[in-house]
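Quick notes on the structure that follows.
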Amino acid sequence: MKVLWHGGTIYTMEAEGATAEAVLVSDDHIEKIGTYKDLKQFADKEIDLQGATMYPGLVDSHMHMIGHGEKLMRVDLSIIESSEEMREQLIESTKDLKKDDWFIGEGWNENNFADRKIFHRNELDEISTSPMLLKRVCRHAILANSSALALAGITKDSPDPEGGLIVRDADGEPTGYLLDAAQDLVASQVPEVSVDYLTRALQKSVDHLLSLGLTGAHTEDMGYYGHYSRPLDAFKNVIGDKVKFRAHLLRAHIAFEEMMENASYAEPFIDPGPMKIFADGSIGGRTALLSKPYNDDPSTIGVAIQSDEELKRLVSIARKHGEAVAIHVIGDLGLEMALDAIEAHPVPQGKRDRLIHTMVVREDLVARMQQIDVALDLQPSFVTSDFPWVVERLGENRLEWSYVWKKLLNHGLICAGGSDAPIEEADPRLGIYAAVTRRKPYETHEGYLPEEKLTRFEAIQLYTSGSAAAIGKENERGVIREGFDADFTIFDRDLFAGREEQILEAEPVMTVVAGEIMYQKGGQ
């Protein structure tokens with residue numbers, strides 16, 4: 001089946017301002033680009049865009065697809081703006097729980113509260129005696145009440161696990177605030193969910209992502225939910241011939257070798273990616289690993305999730321299997337450790353490593369990144385979520401090389417754009433807007449570190465050619481070009497035109513994956 005798309009503005013994204021009049025799609029790929037007059041003769045079917053604007057398919061370069069679906073199904077604490085409102089929400093949400101039922105909340109963020117309150121387990125006990133696990137927005141910290149701590153066996157005498165911290169009060173008692181690896185002590189006690197539940201969460205996620213105009217996502221789910229086969233089965237249950245969506249699976253280091261030996265996928269819509277490793281934590285939880293102490297807590301430089309030796313060992317395992325790595329790095333010392341490991345064990349020919357987040361960097365580290373084949377996964381919305389409070393954490397002196405998307409692009413580094421959903425909203429319009437304005441929607445100031453603003457073209461490239469290059473698919477996806485995959489995102493207006501808020505107000509009209517319409521506004 002040859003389908004001719006025409007009747008609107010078609011941005012090929014080959015160069016800034018480059019457009020096409022018509023695109024002929026043959027089954028799942030682009031066959032020809034040209035004028036409507038020249039291509040009409042080849043078409044079995046025509047689709048008139050009716051004035052809408054087409055782009056290469058937008059892809060979120062880093063998120064947690066099942067976690068995003070769970071957030072849509074659970075109590076969302078990320079929208080709460082005061083500690084009192086959070087307390088009231090928890091009371092309402094837990095009032096009908098049975099004694100042994102777990103309550104899991106998503107996304108609390110004390111930086112949204114005027115009093116910056118972090119709840120103590122005793123306060124959570126007053127709300128509910130059922131086990132409670134509340135995930136901080138960064139997913140590098142949780143709050144647990146006494147019932148959850150007891151199930152995990154956490155007491156005053158419990159040692160901090162390697163790569164984690166049990167926060168304690170003045171008497172040495174656990175407060176219920178658990179950082180990084182310490183989270184696992186409680187999370188491991190939560191009853192394992194069924195594959196059916198994972199399938200329902202993923203279906204909800206995919207439906208929502210398609211409705212946002214996303215044609216794919218690079219996702220990390222293969223280290224959670226028990227054995228890797230469980231989330232992998234959910235992906236195979238949801239994505240395939242009927243529902244097309246391009247899911248690139250990062251494989252957690254704990255599951256990587258077994259997946260290399262035993263797992264099967266369903267390419268081209270479900271494909272295996274690099275080994276995922278955590279080097280450090282988050283700035284919000286003061287667990288991102290910095291080369292100098294935190295400005296607002298000089299007693300800490302953060303948490304190294306892996307030792308230097310272990311990080312190098314994990315990278316060497318990936319190389320043994322001919323694979324790349326994707327390393328979570330937020331602090332500059334975390335980034336330095338990751339680069340040490342990558343340089344000690346270079347990436348195989350034809351593969352590309354990934355550094356996820358790269359929020360606090362240094363000029364010397366940027367020079368090192370220029371010497372290796374690496375892509376940087378950026379989350380533009382982190383700017384709007386983290387500023388202005390992040391200045392307290394880092395201090396003014398570190399800001400010159402923090403959240404510096406423009407500098408990274410200007411140094412010739414491959415940059416891709418994502419949301420890290422469910423940590424941030426998955427909507428790519430929010431990410432594009434944040435990259436362009438560096439401020440929250442509809443604010444009027446000049447933006448946080450305004451010299452780091454991207455052009456609209458650069459911002460959209462993060463989600464098109466940038467996301468494609470991050471997985472080595474730059475010769476197959478990311479631009480509208482003959483021979484490339486027929487993945488398109490179609491909005492009701494031109495993201496390059498008008499005031500910046502038009503980016504937020506644009507409505508997805510159609511999402512096309514492999515030549516098939518997977519979402520259409522109004523469901524026609």
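Scope of the values below: all heavy atoms of this structure, side chains included, with no hydrogens, waters or symmetry mates. If you're wondering where the values come from, they're calculated on a predicted model, not measured in any experiment.
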Ignoring hydrogens and geometry, is there a side-chain-to-backbone donor-acceptor pair from His445 to Gly447 under 3.5 Å? yes
If only side-chain N and O atoms count, and only distance matters, is there a donor-acceptor pair under 3.5 Å linking Gln502 with Tyr433? no
Pair Phe278-His253, ring-ring contact (aromatic ring centres under 6.0 Å, His included): steps then yes or no: CA-CA 9 Å; Phe278 282 88; His253 72 84; 8.4 Å; no
Please determine whether the number of non-hydrogen atoms from other residues, nucleotides or ligands lying under 6.0 Å from atom CD of Gln41 exceeds 12. yes
Result for side chain to side chain donor-acceptor pair (under 3.5 Å) between His218 and one of Arg354, His62, His248 points to Arg354
Do Tyr519 and Leu212 make a side-chain contact, defined as non-hydrogen atoms from C-beta onward lying under 4.5 Å apart? no
When every non-hydrogen atom of Gly478 is compared with those of Thr464, the smallest separation belongs to O-CB, 3.4 Å
Give the minimum heavy-atom separation between Leu413 and Leu376, together with the two atoms involved. CD1-CD1, 3.8 Å
Starting at CE of Met275, measure out to CZ of Arg251 and round the result to the nearest 0.5 Å. 9.0 Å
Can you tell me if Lys204 has over 12 outside heavy atoms packed within less than 6.0 Å of its NZ? no
Do the charged groups of Arg368 and Asp340 touch, with an N to O distance under 4.0 Å? yes
Without swapping roles, check the side chain of Asp353 against the backbone of Val325 for a donor-acceptor pair under 3.5 Å. yes
If we ignore hydrogens and angles and just use 3.5 Å, is the side chain of Ser205 paired with the main-chain N or O of Ala201 as donor and acceptor? no
May I ask you to decide if the ring planes of Tyr55 and Phe496 are parallel, tilted or perpendicular, using 30° and 60° as cut-offs? tilted
Show me the donor-acceptor pairs, under 3.5 Å and distance only, between side chains in residues 355-366 and residues at least two apart or in other chains.
{"residue": "His357", "atom": "ND1", "partner": "Gln379", "partner atom": "OE1", "Å": "2.6"}
{"residue": "His357", "atom": "NE2", "partner": "His328", "partner atom": "ND1", "Å": "3.3"}
{"residue": "Arg362", "atom": "NE", "partner": "Asp364", "partner atom": "OD1", "Å": "3.0"}
{"residue": "Arg362", "atom": "NH1", "partner": "Asp332", "partner atom": "OD2", "Å": "3.1"}
{"residue": "Arg362", "atom": "NH1", "partner": "Glu336", "partner atom": "OE1", "Å": "3.3"}
{"residue": "Arg362", "atom": "NH2", "partner": "Glu336", "partner atom": "OE1", "Å": "2.9"}
{"residue": "Arg362", "atom": "NH2", "partner": "Asp364", "partner atom": "OD2", "Å": "3.1"}

Lys407 to Trp401 six-membered ring, cation-pi geometry met (6.0 Å, 45°): yes
Using 0.5 Å steps for rounding, measure from the OG1 atom of Thr9 to the CG atom of Leu49. 8.5 Å
Does Lys276 qualify as a cation-pi partner of Phe256, given the criterion of NZ or CZ under 6.0 Å from the six-membered ring centre and within 45 degrees of its axis? no
Those residues that, when tested against Tyr11, pass side chain to side chain donor-acceptor pair (under 3.5 Å) (two or more places apart): Asp494
Mark yes or no for whether Asn237, through its side chain, and Asp233, through its backbone, hold a donor-acceptor pair below 3.5 Å. yes
Please evaluate residues Arg456 and Glu500 with respect to the criterion salt bridge (charged side-chain N to carboxylate O under 4.0 Å, His left out), reporting the C-alpha separation (whole Å), side-chain torsions for both, the decisive distance (0.1 Å), and the verdict. CA-CA 9 Å; Arg456 297 192 203 193; Glu500 291 159 335; 5.3 Å; no
Go through the steps to decide whether Arg499 and Glu505 satisfy the test salt bridge (charged side-chain N to carboxylate O under 4.0 Å, His left out), and finish with yes or no. CA-CA 10 Å; Arg499 69 195 199 289; Glu505 294 160 7; 2.7 Å; yes
Any salt bridge between Glu14 and Arg481, counting N to O under 4.0 Å? yes
Salt bridge (charged side-chain N to carboxylate O under 4.0 Å, His left out) between Lys351 and Glu323: does it pass, once the steps are laid out? CA-CA 7 Å; Lys351 296 286 184 175; Glu323 258 299 351; 3.2 Å; yes
With heavy-atom distances below 4.5 Å as the criterion, would you say the side chains of Arg477 and Asp487 are in contact? yes
So, for Glu31 and Ser26, which heavy atoms are closest and what is the spacing to 0.1 Å? OE1-CB, 3.1 Å
Within the 4.5 Å heavy-atom criterion, are Val59 and Arg246 side-chain neighbours or not? no
I'd like to know if the side chain of His321 pairs up with that of Glu257 as donor and acceptor (distance under 3.5 Å, no hydrogens or angles considered). yes
Can you tell me if Asp28 uses its side chain to pair, donor with acceptor, with the backbone of Ala486 under 3.5 Å? no
Report the relative orientation of the aromatic rings in Trp405 and Tyr403; use parallel for angles under 30°, tilted for 30 to 60°, perpendicular for over 60°. tilted
Could you check whether Glu258 and His227, counting side-chain N and O atoms only, form a donor-acceptor pair closer than 3.5 Å? yes
Salt bridge (charged side-chain N to carboxylate O under 4.0 Å, His left out) between Glu507 and Arg493, worked out: CA-CA 8 Å; Glu507 292 286 341; Arg493 68 196 73 187; over 6 Å; no
Quick one: does Thr511's side chain have a donor or acceptor within less than 3.5 Å of a partner on Thr215's backbone? no
Name the one of Arg136, Arg139, Lys71 that satisfies side chain to side chain donor-acceptor pair (under 3.5 Å) with Glu106? Arg139
What heavy-atom pair brings Ile480 and Val23 nearest, and what distance separates the two atoms? CG2-CG2, 3.9 Å
Nearest 0.5 Å please: distance from the OG1 atom of Thr219 over to the NE2 atom of His68. 10.5 Å
Kindly check if the number of other-residue, nucleotide or ligand heavy atoms within 6.0 Å of CG (Asn262) is above 12? yes
Gly334 and Asp280 have their tightest heavy-atom pair at CA-OD2, 4.2 Å
Under 4.5 Å between any side-chain heavy atoms of His6 and Lys40, yes or no? no
Is it the case that the side chain of Ser211 and the backbone of His208 share a donor-acceptor pair, with hydrogens and angles ignored and the cut-off at 3.5 Å? yes
Can you check whether Gly213's main-chain N or O pairs, donor with acceptor, with Thr489's side chain at less than 3.5 Å? yes
CG of Leu378 to OG of Ser419: how many Å apart, nearest 0.5 Å? 12.5 Å
I'd like to know whether Ser194 forms a side chain to side chain donor-acceptor pair (under 3.5 Å) with Asp196, so could you lay out the CA-CA distance, the side-chain angles of the two residues, the decisive distance to 0.1 Å, and finally the verdict. CA-CA 5 Å; Ser194 66; Asp196 178 65; 4.6 Å; no
Check this for me: Glu81, atom CD, are more than 12 non-hydrogen atoms of other residues, nucleotides or ligands nearer than 6.0 Å? no
Ser264 versus Lys236: any side-chain heavy-atom pair under 4.5 Å? yes
Side chains of Leu430 and Glu424: does their closest heavy-atom pair fall under 4.5 Å? no
Output yes when a side-chain donor or acceptor of Lys242 lies under 3.5 Å from a complementary backbone atom of Ile239, and no otherwise. no
Point-to-point distance, once rounded to the nearest 0.5 Å, from SG of Cys138 to CD1 of Ile423: 6.5 Å
pair Val383-Lys453: side-chain heavy atoms closer than 4.5 Å: no
Does any part of the side chain of His64, heavy atoms only, come nearer than 4.5 Å to the side chain of Tyr224, both counted from C-beta? yes
At their closest point, which heavy atom of Leu504 faces which heavy atom of Pro441, and how far apart are they? CD1-CB, 3.5 Å
Is a donor on one side and an acceptor on the other found under 3.5 Å between the side chain of Asp44 and the backbone of Lys2? yes
